[in-house]
Amino acid sequence: MCGIVGYIGDKQVQSVLLSLLGRLEYRGYDSCGIAVAGSSLKVYKDVVRVAALTEKAPQLGGTAGIGHTRWATCGEPSQVNAHPHCDCAGNIAVVHNGVINNFQSLRQQLISEGHTFISETDTEVIPHLIEKYYDGNLEKAVEAALRDVEGSYAIVVLTADESKLVVARKDSPLIIGIGDRENFIASDVPAILDFTNRVIYLEDGDIGIVTKDNIKIVSDGTEVDREEHKILWNVEEAQKGGYDHFMLKEIHEQPRVIRDTLVEYTQTAEPVVDLERMRDEGIESVLILACGTSYYAALVGKYIMEELVGVPVRVEIASEFSYYGQTLVRTLAIVITQSGETADTLKAIRRLKGVRCRVVAITNVVGSSASRVADQTIYTRAGPEISVAATKSFTAQLMVLYWIAMGYSKADARRLASMLLGLRQLPSKVQRVLDNGDIILQCARYLSKYENVFFIGRGINFPVALEGALKLKEISYIHAEGYAAGELKHGPFALLGENIPVIAIVAQDNTYEAMLTNIKEVKVRKSPVMALAEEGDETIRELADFVITVPRVEVIFSPVVNTVTLQLLAYYTAKERGCPIDFPRNLAKSVTVE
Ligand code: F6R
């Protein structure tokens, strides 16, 4: 949710911190702040975006500092609630991402011991606890403070001493970027790519003492080695590259993402997931868990795997999983998470591991928490996804699901060969969707005048309707609902009328006739109908008010071309309405609270 950064080296720290924060803004953007070490500790923070802070902040000097971009959870967005937070004397500054569950009792305790609090945040207890335990050794004080804390945290601690930063993590991401006589701290890899591609991922429970020449990591009181990783993402991938928004750039990257995934998997002889071995081990069903867009990818995955592999697949929303009395006998669990840091998904993984269920994670972020707790990780090749609204990661997740399913398909060789051909043709089909932008833009202009929209689909395109609605609502603020087309008559019909357009996803499969009937029913109730239909479908033109044609693909791949079309529709609609597309209100890219 929030983004935290730190720097120690020879550079002027303020500009480095602001540059790191600018790259992390997708994690939170209601306020931000920095603290710099020197003769005294200097803090500057405000309820503004990073660009405004860059303009407003006085020059603080110094070569060591910390920074934070906030997505408010505990305490409204305000200057006083913005990070960094300090102890009473203003000698210790802390930036924090996570949630301190027992902060109320810690706060009461600290107040009774004479500490004064000025913010409403949970974070503020941390500098006060460090102050309480400080006797000249900062890392020992941090260690003692964190023993009192229950919850999740990634923190960077700074004092006036410019020679070191102390960092720690538990259940929230934190990396150290290694430079040449300088080191960087960040919540996420894209922040540091301008400076270095050498990274250490901290483990839960690690405390790091970072100087400009050295990184010492301690776990349970013992010094430990943490492997250095080389990041293959490059700076350009984390920049807008001439597009107006990251979202548009990321939508346009999808042909490349599909190609990269194919190259990756067609080159390896090893099965992506050894379902055969699992069958031998008695695995009888698959459970897929995820949130948001990743959940909709999982729903598409159910259709793909049940059709191709013939195993029963259950899909659950990760945040609901702990409330079910699940039977998990002989089940393979797959979790899908772009960030690998979604708290609800991580909680579900822990529960699965607790009952000895084998967990395969599909994630986009190397070294993410999901990759570290799962038994096996499959990386999507989407590259960094900066826009809060997920686009290319959805397509990359589908590619992995196709590949897993095709690896174990019961389909005959001819079908599989035709599917492989279909997959190879997908990049050019998606490119044709992208080249169809003008028609989508016209439809978006029309849609942008409305406040309520339904998306309907059937079969493998029902999850596409859900994803289309999510994309539209989150970036254009139009209320949108995705529905199984057959369900409209069981309630939503009462709402239909000329003020509520219906977007129908019409595939050339066994759902086609039923979809036409649904469209007729909608038209009778005077709702304008916009249809996504395969090229060559003339019947649909007689029924729908608007038709967006999509390239012909095998139906199993239709979620890809249809979703990309709906991503563009959402994008242009939001643009027409003047919305802040990459940073929708109240949302954050990585949702690290339950
Ligand atoms: C929507 C969106 C979110 C995420 C969800 C899960 O555009 O981005 O719904 O899909 O927060 O995130 P991950 O996949 O990182 O677990």
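When a ligand or atom number is given, it counts from 1 through the structure's own listing order. In this chain, numbering begins with 1 at the start of the sequence shown.
Considering backbone and side-chain N/O atoms, Ser339 comes within less than 3.5 Å of an N/O atom of ligand 1. Where the criterion is an N or O separation shorter than 3.5 Å, residue side chain and backbone included, Val388 meets it with respect to ligand 1. At under 3.5 Å, not a single nitrogen or oxygen of Thr345, backbone or side chain, sits near a nitrogen or oxygen of ligand 1. The shortest N or O to N or O distance between Ala390 and ligand 1 is under 3.5 Å.
Ligand 1 does not have Thr391 within reach: every non-hydrogen atom of the residue lies 4.0 Å or more from it. For Lys471, the closest heavy-atom approach to ligand 1 falls below 4.0 Å.
At least one side-chain heavy atom of Leu434 sits less than 4.5 Å from a side-chain heavy atom of Pro255. Two residues are said to be in side-chain contact when any heavy atoms from C-beta on lie closer than 4.5 Å; Met406 and Leu423 meet this criterion.
Heavy atoms only, all atoms of each residue included: Lys240 and Lys249 are closest at O-CD, 3.3 Å.
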Can you list the steps and then say if Phe557 with Tyr402 is a ring-ring contact (aromatic ring centres under 6.0 Å, His included)? CA-CA 9 Å; Phe557 300 130; Tyr402 287 126; 4.8 Å; yes
Going through the distances and angles, do Tyr446 and Phe546 end up as a ring-ring contact (aromatic ring centres under 6.0 Å, His included)? CA-CA 10 Å; Tyr446 173 82; Phe546 302 89; 4.4 Å; yes
CA sep, side-chain torsions, deciding dist, call: Arg169, Asp204, salt bridge (charged side-chain N to carboxylate O under 4.0 Å, His left out): CA-CA 6 Å; Arg169 75 152 275 174; Asp204 276 348; 2.9 Å; yes
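A donor atom on one side chain and an acceptor atom on the other are not found under 3.5 Å apart for Ser368 and Glu341.
In this structure, the protein non-hydrogen atom closest to atom 11 (O) of ligand 1 is Val591 CG2, 4.0 Å. Nearest protein heavy-atom contact of atom 5 (C) of ligand 1 is Cys291 O, 3.8 Å. Of the protein's non-hydrogen atoms, the one nearest atom 7 (O) of ligand 1 is Glu474 OE2, 2.4 Å. Considering only non-hydrogen protein atoms, atom 12 (O) of ligand 1 sits nearest to Thr342 OG1, 3.5 Å. The protein heavy atom nearest to atom 2 (C) of ligand 1 is Thr293 OG1, 3.8 Å.
Close approach of ligand 1 to Ala389 (heavy-atom distance below 4.0 Å) involves ligand atoms 7 (O). Residue Ser294 has at least one heavy-atom neighbour below 4.0 Å for each of these atoms of ligand 1: 10 (O), 13 (P), 14 (O).
Checked for salt-bridge contact, Arg259 and Glu264 miss the test: no charged N lies under 4.0 Å from a carboxylate O.
Both tests do not hold together for Arg226 against Tyr201: distance to the six-membered ring centre under 6.0 Å, angle to the ring axis within 45°.
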